[in-house]
Amino acid sequence: IFLPVLIVIIYIFTSAVKFIEVSILAFIGIAIKNLFHKKNIQYRHLWRLATYSVTLSTIFFAIMSILKTHVPNGFIINWFVSIMVLMLVIKEIPGKKQK
């Protein structure tokens, strides 16, 4: 009974950490959005885009963890990749239409 409870606790903790990471990334997305000529994107859209941008680095680090390979400066690489993917996605979103 101890092992299933421990697995559930670990799952909840890691999910909470990812939720916080995505929320912070969405706030960074607000600043990125304002850099690209005031794109018409709401926070809820940025949050969804941030979840997609975190996916690439999460899968990479999961594979590295399975292979028991240490990635130097993994924390910085994770944030850098996520921010770059989010920035590239926001850049491709069409801007406001001019009348």
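Quick note: residue numbers are just sequence positions, from 1. Here the structure is a predicted model, which means the values were calculated and not measured.
A single hydrophobic cluster is seen to contain both Met84 and Leu46, as judged by linkage of ILVMFWY side chains at heavy-atom distances under 4.5 Å, directly or through other members. Cluster annotation: Val81 and Val17 are assigned to distinct hydrophobic clusters (Ile/Leu/Val/Met/Phe/Trp/Tyr, side-chain heavy-atom contacts under 4.5 Å, transitive). Both Leu56 and Ile59 belong to a single network of hydrophobic side chains, linked directly or stepwise wherever heavy atoms of I, L, V, M, F, W or Y lie under 4.5 Å apart. Both Phe27 and Leu25 sit in one connected hydrophobic cluster of ILVMFWY residues. Membership requires side-chain heavy atoms under 4.5 Å apart, directly or through other members. Residues Tyr43 and Ile90 fall within the same hydrophobic cluster, defined by Ile, Leu, Val, Met, Phe, Trp and Tyr side chains chained together at heavy-atom separations under 4.5 Å.
For the side-chain contact (heavy atoms from CB on, under 4.5 Å) test with Leu49, the passing option among Val89, Val54, Val22 is Val89; the others fail.
Taking each heavy atom of Ala50 and Ser53 in turn, the nearest pair found is O-OG, 2.9 Å. Gly29 and Leu86 get closest at one heavy-atom pair: CA-CD2, 3.7 Å.
Other residues, nucleotides and ligands contribute only 12 or fewer heavy atoms inside 6.0 Å of the NZ atom of Lys91. The local environment of OH in Tyr52 is sparse, with at most 12 non-hydrogen atoms from other residues, nucleotides or ligands closer than 6.0 Å. Heavy atoms of other residues, nucleotides or ligands lying less than 6.0 angstrom from CG of Asn34 number more than 12.
Atom-to-atom distance recorded for Thr55:OG1 and Phe60:CZ is 15.0 Å, nearest 0.5 angstrom. With rounding to the nearest 0.5 Å, the separation of CD1 in Ile1 from CG in Leu3 is 11.0 Å. A distance of 7.0 Å separates CD1 of Ile24 from CD1 of Ile20, quoted to the nearest 0.5 Å. Remark: Thr69 OG1 to Met64 CE distance equals 5.5 Å, nearest 0.5 Å. Ile66 CD1 to Phe61 CZ: the interatomic distance, rounded to the nearest 0.5 Å, is 14.0 Å. Of the inter-residue distances, the one linking Ile41 atom CD1 with Ile32 atom CD1 reads 10.0 Å to the nearest 0.5 angstrom.
Every residue meeting the side chain to side chain donor-acceptor pair (under 3.5 Å) condition with Ser57, not counting sequence neighbours, appears here in chain and number order: Asn78, Ser82. Shown here are the side chain to side chain donor-acceptor pair (under 3.5 Å) partners of Glu92, two or more places apart in sequence or in another chain: there are none.
The ring-ring contact (aromatic ring centres under 6.0 Å, His included) analysis of residues 5-26, with sequence neighbours excluded, yields the pairs Phe19-Trp47.
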